[in-house]
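A, B, ... follow the sequence lines: proteins, then strands. Residue 1 opens every chain.
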Amino acid sequence: MSVMEFLREYDQSLLIALYEHLRLVGIALLIAAMIGIPLGIRIARRERIAGATLFLLSAIQTIPNIALFGLMIPILAMINRGIGPFPATVAMVLYALLPLTRNSYVAIREVPASALDAARGMGMTERQILLRVALPLAAPGIIAGVRIAAGMSIGVAAIAAYIGAGGLGLFIVRGIQTTWNMMTIAGAAGIALLALVVELLLGWAERALRPRGMRGEEIR
Amino acid sequence: MIEFIEVRKQYGAAVALDGISLQVNPGELCVLLGPSGSGKTTLMRMANRLVEPSSGSIRLNGRDILAGDPVALRRGIGYAIQSVGLFPHRTVAENIATTPELIGMPRAAIEARVDEMLAMMQLDPARYRGRYPSELSGGEAQRVGVARALAADPPLLLMDEPFGAIDPINRAAIREQFLELQRRLRKTILFVSHDIQEAIQLADRIALLRDGRLEQFGSPAELIASPANRFVEQFFGRDRAMLMLDALTAADALDPAPAAGARGSVPSHAPLRDLLMGLLRDGGAGIDVVDDGARIGTVTLESIGRRMGSGAREEREA
């Protein structure tokens, strides 16, 4: 079977797998961002809590994907959610938390202390300082965290096919099981392509969010 | 105007400020002078409650500032710091507009104000409005910092070594400009410095601090001529005669009688050092001192000598 024939034959299931993959990554990333970014901002001024939080998140990160899935099957089986997209999403959220939290933490800490002092001294409220000074200056760093988390999640989602979460990983799993290289490569290439596109898009967003006046070479 | 009453600040067991009482009058430029760790910055930061005193009270125009809302207080006080703290993501115009925006000034008034401030700082509004802080030299950034502090026209200004990051040559010039501005604006200013020369040049009165204590509070000439204790005396060191020439102005050494062959004229606030240099260089019999276009006297080598000789004695007796 040629590549063209394969694509014609499986175009529907490839598209569905791509959709599932994106949905898995998208939902996990959204949840992780909603937790990780505020968490990183909150701990930026609390040295000790920050240390403990980042240590815990790093520890989670060191657990291999497959092992984490394995761990979660018995735990989540207690609420009848041992396999499928649910445990996959939980695992991906856990993995994505570290880059999101750590990047937000670092980005906020790197906001010049003098700018914050001036903002406070001129009478901005804490909320205004965050929204008008800290966040705009930290935005590129925070988006860089989203980019790293997205790349990782796309990879983790591939393994999630093993616990029945669907996605492009399914092609790899099936290809390996049936020793059909074409199918394995279709899944792998799809994932690589997806990762590349997302990387490019978020890289562009990161540059677009870099405040004018801080773009180095673009300054007259 | 602003009054510190028995203000004390303690961090754990460490005493940062120990019972400071200080009253700065309206329109007065008070330099908080002292070595690093003397508590001068802490004292200044109490005036807008960036630091809260452990005990004591602070009054602004008779009102206890510790009773109200710190955010509202800060919006009514200009704030300029050594590291400038311009917002790097905002243009010069947006930076200067910060406090006017916070207090809800109308847009058109803000724009006019920004131009006025830039012009006052001798920065061409057309050229500088749209620039970002990264596109400014150190001196320009500090002038924008001062413009930003003045933008809402606050009666009280807090300045923490606002010209510290400028090279010595430009620093003298920017100080002179600032002094010129202050003669017009007559703001009440708390100005933190560790530079004796700067303090003498700028201050109406100097509050000299050491280890959280106020060692002496008075005019530059008073501190130099009649130091309250050995620390104050040693602080001004061996160059006291030279410093005195900086501290005194033409008005302090006037001879009302016109001197034959007097050359040139200076305003009454010109430092005596400049007049002495002028007399030595040009060899004239005297220099006329002019205020509001009218001659009020002449400074001669003799009148300077009289003032310098009697200065110390008079100050001690006073």
How about [atom1] on [X], more than 12 heavy atoms from neighbouring residues, nucleotides or ligands closer than 6.0 Å, or not?
X: B/Arg186; atom1: CZ; result: yes
X: A/Arg42; atom1: CZ; result: no
X: A/Ile83; atom1: CD1; result: no

Is chain A contacted by the side chain of B/Leu86, its backbone, both, or neither, given a heavy-atom distance below 4.5 Å? backbone

So which part of B/Arg90 gets closer than 4.5 Å to some heavy atom of chain A, the side chain, the backbone, both or neither? side chain

Rounded distance (nearest 0.5 Å) linking atom [atom1] of [X] with atom [atom2] of [Y]:
X: B/Ile103; Y: A/Met122; atom1: CD1; atom2: CE; answer: 12.5 Å
X: A/Thr125; Y: B/Arg74; atom1: OG1; atom2: CZ; answer: 10.5 Å
X: A/Asp117; Y: B/Leu50; atom1: CG; atom2: CG; answer: 6.0 Å
X: A/Leu137; Y: B/Phe87; atom1: CG; atom2: CZ; answer: 9.0 Å

Residue pair B/Ser83 / A/Ser114: nearest heavy atoms and the distance that separates them: OG-CB, 3.2 Å

When every non-hydrogen atom of A/Gln128 is compared with those of B/Arg75, the smallest separation belongs to OE1-NH2, 3.0 Å

Strictly distance-based, threshold 3.5 Å: is any side-chain N or O of B/His89 a donor or acceptor partner for the main-chain N or O of A/Arg132? yes

Under 4.5 Å from any heavy atom of chain B - which part of A/Ala113: neither

For chain A, the option from B/Val84, B/Asn48, B/Ile77, B/Ile81 that forms the most heavy-atom pairs under 4.5 Å: B/Ile81

